Amino acid sequence: MYLEGKRQKRIAVINDFSGFGRCSLTVSLPVISAAGIQCCALPTAVLSNHTGYEDYFFDDYTDKMKYYYSKWEKLHLEFDGIYTGFLGSERQVDIVSDFISRFCRDNTKVIVDPVMGDDGRTYATLTPGLCKNISRLIRHSDIITPNLTEACILTGTPYSDKLSDDSSLLRLAKGLVDLGSKKIVITGIDRGNNICNFIYEENGNYRILENPRSGSRRAGTGDVFASVIAADTVNGIPFDQAVEKAADFVSKAITASDEMNIPEQDGLCFELFLSQLAPQSIHNS
Ligand code: PXL
């Protein structure tokens, strides 16, 4: 039997649960599961829908998080990956750092998506203190997946959409490595009709993946992208291949979402493509 004696991989995802709008945990749970990995959710907040809509119900989970994961400690849970996304307060970042110190083992990969803003604008919840704490969280990470806006915020660079040339991106990526991460992808950079992802590793190697823009900018795209990367990293796929796969997956889902006239804030209809994420070894066994 192919699976005999094999241990299934497991990722803890720390993110909000937004019931509608396809972002955060409602993206990570299906995407990571489709890649054959057990996805364990630690909610930071519960929302009726994400904050991109005019109105939403928001129930902060900060005070409950430690009680929640103390039970995971009691169960002696171990994780191959820890992936963090949208964090709503400074204290929440401290709690996430505590979670990492308790659950990170030698082989645990830590993926931090520094969710802070997009298109040069910051999310309403981002304060200078929160920004500083997210920078500190990056020290514990193996991989970060900022967009251009977030790369600028984290490196103290004034945002401009003109920072999309190789030398500007290289400067930003070096600044991000100085914050303590090992592998970086600056995602979704506009270059005319193309969109590119800038990959940088702490050894100085870099690569730019440039593809024709497949459609509109959609809510939750970064969450789909980072979830594919988190899953592939834990599955041992090399970083640049993981980025290629994430870009391809997102691109197909954007095209389909546009074809179906799904409103941009409702996110990507990634559900239609989940079967593409299944580990090949299962299909071939
Ligand atoms: O996709 C990023 C994100 C995550 N979670 C919440 C959000 C957003 C972006 O608006 O509002 C609650």
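Everything numeric in this text was worked out from a predicted model, so none of it was measured. Counting starts at 1 for both ligands and their atoms, following the listed order.
- Applying the salt bridge (Lys or Arg N to Asp or Glu O under 4.0 Å) definition to pairs two or more places apart or across chains, those involving residues 93-102 are E73-R102, D98-R102.
- The shortest non-hydrogen separation linking S97 to L137 is OG-CD1, 3.7 Å.
- Applying the side chain to side chain donor-acceptor pair (under 3.5 Å) test to K9 and every residue at least two apart in sequence or in another chain returns nothing.
- Within the model, atoms CG of N49 and CD of Q265 stand 8.5 Å from one another, a figure rounded to the nearest 0.5 Å.
- Among pairs with a residue in residues 237-258, those fulfilling salt bridge (Lys or Arg N to Asp or Glu O under 4.0 Å) read R207-D240, R207-E244, R218-D258, D232-K245, D248-K252, at least two apart in sequence or across chains.
- Using a 3.5 Å distance cut-off with no hydrogens or angles, the side chains of T145 and T187 do not pair a donor with an acceptor.
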Just list the N/O pairs, ligand 1 to protein, that are under 3.5 Å apart, with the distance for each.
residue	atom	partner	partner atom	Å
ligand 1	1 (O)	D223	OD2	2.8
ligand 1	5 (N)	D16	OD2	2.6
ligand 1	5 (N)	S24	OG	3.1
ligand 1	10 (O)	T51	OG1	3.4
ligand 1	11 (O)	T51	N	2.9
ligand 1	11 (O)	T51	OG1	2.5

